[in-house]
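What follows is a short report on a single structure.
Counting starts at 1 for both ligands and their atoms, following the listed order.
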Amino acid sequence: MTDDKCGITAVFPGSFDPITVGHIDLIERSVAVFDKVIVAVACNQEKTPLFSVSERISMIENIFSHTPQVKVETFAGLLINYMLSGEAHVILRGLRAVSDFEYEFQMALMNRKLAPGIETFFMTSSALYTYVSSRIVKELASLGGDVSDLVHPLVEEKIKEKYSGS
Ligand code: PNS
């Protein structure tokens, strides 16, 4: 089979607090489609994250250290301004269920209104991971539940450190 990717870079934005197996699966599948995937970690002042932006970036960089097509960056403020400051024209978002659709559709339309040249592409999550979210991972972990099936072992370790206070 020939490599018929056409030089497109996609930006996969999100909070990634923390990155889950659902995100990892989507990133792995997206590098088979796009030449380069920039994982853009949102620095959102309104939320109180479990992990700092640099901790989140470091976990993602470690997980994808052997995947040169994946780069990790951060952005603050409007996603569309970050997109306009770079070369990429594609925003990549994952859809897990119908419940994701309304918000994602609204965001895609607003982003297109702000910058018509930037397109949003959606990839469906794998059926295995439709129920996985960073929020669920944090809730489970904070109550002593096992999150080993939901996150990379490296992330599981970091979560344990957070909740054990070490
Ligand atoms: O991991 P999430 O919470 O699904 O990520 C959502 C995120 C960070 C991609 C989204 O909230 C976002 O783009 N935030 C930056 C501010 C912005 O541009 N909002 C959309 C304006 S319509």
Nearest non-hydrogen partners of L84 and A115, listed with the distance: CD2-CB, 4.0 Å
Of all pairs that satisfy side chain to side chain donor-acceptor pair (under 3.5 Å), the ones with a partner from residues 9-24, not counting sequence neighbours: S15-K47, D17-K138, T20-H23
Going by atom type alone, with no hydrogens or angles, which donor-acceptor pairs under 3.5 Å involve a side-chain atom of residues 60-69 and a protein atom two or more places apart or on another chain?
residue: N62; atom: ND2; partner: S58; partner atom: O; Å: 3.0
residue: S65; atom: OG; partner: N62; partner atom: O; Å: 3.1

Nonpolar side-chain network containing L109, other nodes, edges under 4.5 Å: L95, F101, F105, F122
Atom pairs and distances, ligand 1 N/O vs protein N/O under 3.5 Å:
residue: ligand 1; atom: 1 (O); partner: S15; partner atom: N; Å: 2.9
residue: ligand 1; atom: 1 (O); partner: S15; partner atom: OG; Å: 3.4
residue: ligand 1; atom: 3 (O); partner: S15; partner atom: OG; Å: 3.2
residue: ligand 1; atom: 3 (O); partner: K47; partner atom: NZ; Å: 3.4
residue: ligand 1; atom: 4 (O); partner: R93; partner atom: NH2; Å: 2.8
residue: ligand 1; atom: 11 (O); partner: Y103; partner atom: OH; Å: 3.4
residue: ligand 1; atom: 18 (O); partner: L79; partner atom: N; Å: 2.8

Flag, side chain of R96 to backbone of Y129, donor-acceptor distance under 3.5 Å: no
Under 3.5 Å donor-acceptor, S52 side chain and E55 backbone: yes
